[in-house]
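Data block below; observations after.
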Amino acid sequence: MEKQKKISEIKKRISEGENPENIIKETLEAVKNSTLNNYIYKDDTLAFHSLEEAKKHRDGKLFGVPIAIKDNINIKDYPTTCGSKILSNYISPYDATVITKLKQEGAVFIGKTNMDEFAMGSSTEFSAYGPAKNPFDPDYVPGGSSGGSASTVGAGEVPAALGSDTGGSIRLPAAFCGVYGLKPTYGSVSRYGLVAFASSLDQIGPIAANVEDIELIYNIISGVDEKDSTSLPPNPGNKHFNIKEIKIGIPEEYFQGIDERIHNRIDEVIKTFGNMGAKIKKISLPHTKYSVPTYYIIAPAEASSNLARYDGVRYGLRIKGKDARETILLTRDEGFGEEVKRRIMIGTFVLSSGYYEAYYERALRVRTIIKEEFDRAMQDVDVILIPTAPELPFRLGEKIEDPVKMYLSDVMTVSANLAGNPALAVPCGFIQKFPCSFQLIGRPFDEKTLFELTKIYERERDGI
Ligand code: GLN
């Protein structure tokens, strides 16, 4: 496996006079030779077309830097499949806001990465284009749903990628592939041009090999956007950072029932932060046990409504029937995979008359309690530290027959989506051949504290 790449190294090569074309060719070569099935679309035309556009932004912060994009984010004139057969022939008619912003900084798009269909999954095995693989062992999953993005960054093919995170889809694959992944505060990054899964939870965020690159991309893609009415301006009040003034909360509920080796490793991380001067405080988030069930009601409910638009008329695939009704039925039956159908059924069920109050409405109330619990905890501590995943990467096929097992991979990640807080997955060494990861959850719009804390940890971990 290649060494993971840094944006600063690429920028240095370009500032020393190297032609960015070389870098793009070299990256395409690595991506094409990859056996990890981490791209759905990796045709040269996108990269070279994008390089031409980038040349108009030579002073941009990402001029000539190759970036991979999850295949649910629109790049104008190129395919967006969302890992689904139903969008196999769909060409994006416009750029997502994050793409416009990256273009203005001279970034070069290398390809569209593999993902679970419509971002529903934790392993990237629910892609209609075959599973992506873990760069540390191709018999294992890279995590999901942004598995393609994390796998290509983890394998050192590209320095950075965009993913989307509705219940952990940036952080879980980042953990499994030994890279950093940020789920920004809900509302801090525009969702315009991201294909909707569960609109009240979805956020786009960066995946990269170090925290500086995460911060760089986050600063570029975040900010208020008139095309997304839920987007908000960043928190300007940022203030000096002193680790001795930082309080880190450790909620016991997130350390129960996890792999003991991960538990021990995270204990070491907590000690490291303590030794560096941070105050460590035990806290309790008792409603944690309801996070997964709450998420798996709200997310499918929103998905069932968002996915109603794939009817064989307006977008993508069309299987013609004898009338409109049959066309819709045939198209959806043929176009959607198993997991997506399962979510649509769960979602329609929890929203149906007679069950709405018992399931959907109750889940919304529990969500509010979870959010209030986080708000209360964060009056007392600046960040919360928990594992990113309860286990190490699992084998391809190991959980595919058991949806509940698959859903439980998200126990550490869904709460931050339900509450809206920012959360960063940070690698903390290896357990046998697989990477281990911890997660820092911050106050809404306080990504900066997560970055600063991680920079200090990174230096300590790497002995620099
Ligand atoms: N694994 C979760 C799900 O299947 C989260 C997916 C995501 O964050 N997009 O819904």
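As the structure lists them, so they are numbered: ligands from 1, and atoms in each ligand from 1. These figures come from a predicted structure and were not determined experimentally.
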Give the atoms of ligand 1, by number and element, whose distance to some non-hydrogen atom of M120 is under 4.0 Å. 4 (O)
Can you tell which part of F197 has a heavy atom less than 4.0 Å from ligand 1: side chain, backbone, both or neither? side chain
Checking K112 against Y39: charged group under 6.0 Å from the ring centre and within 45 degrees of the axis? no
D116 versus S145, side-chain donor and acceptor atoms under 3.5 Å: no
Return yes when atom CZ of F430 has more than 12 non-hydrogen atoms of other residues, nucleotides or ligands closer than 6.0 Å, and no otherwise. yes
Geometry only, no angles: is S122 polar-contacting ligand 1 at N/O separations under 3.5 Å? yes
4.0 Å heavy-atom contact, G121 with ligand 1: yes
What atoms of ligand 1 come closer than 4.0 angstrom to any heavy atom of D165? 8 (O)
Under 4.0 Å from ligand 1, counting heavy atoms only, is it the side chain of D410, its backbone, both or neither? side chain
Taking side-chain contact (heavy atoms from CB on, under 4.5 Å) as the criterion, tell me which of L385, D382, V383 meets it with L453. V383
Heavy atoms, side chains only, cut-off 4.5 Å: are Y180 and E458 in contact? yes
Closest protein heavy atom (residue, atom, distance) for atom 10 (O) of ligand 1: Y295 OH, 2.7 Å
Side chain or backbone, does G168 bring an N or O within less than 3.5 Å of an N or O on ligand 1? yes
Salt-bridged, R376 to E373, with N to O below 4.0 Å? no
Checking the N or O distance criterion of under 3.5 Å, is ligand 1 in contact with T166? yes
Distance to 0.1 Å, residue and atom name: give those for the protein heavy atom nearest to atom 7 (C) of ligand 1. S169 OG, 2.3 Å
What about G167: any of its N or O atoms under 3.5 Å from an N or O on ligand 1? yes
Among I220, D95, I75, which residue satisfies the side-chain contact (heavy atoms from CB on, under 4.5 Å) criterion with L102? I220
Nearest protein heavy atom to atom 3 (C) of ligand 1, by residue and atom, and its distance? Y296 OH, 3.2 Å
For ligand 1, is any non-hydrogen atom under 4.0 Å from R343's backbone (N, CA, C, O), its side chain (CB onward), both, or neither? side chain
When only distance counts, is A119 in polar contact with ligand 1, meaning an N/O pair under 3.5 Å? yes
Quickly, which of S188, S169, S164 forms a side-chain contact (heavy atoms from CB on, under 4.5 Å) with Q203? Name it, please. S188
Below 30° counts as parallel, above 60° as perpendicular, anything between as tilted: where do the rings of F394 and F176 land? perpendicular
Per-atom filter on ligand 1: closer than 4.0 angstrom to a heavy atom of S145 are 9 (N)
With a 4.5 Å limit on heavy-atom distance, are the side chains of T388 and L172 in contact? no
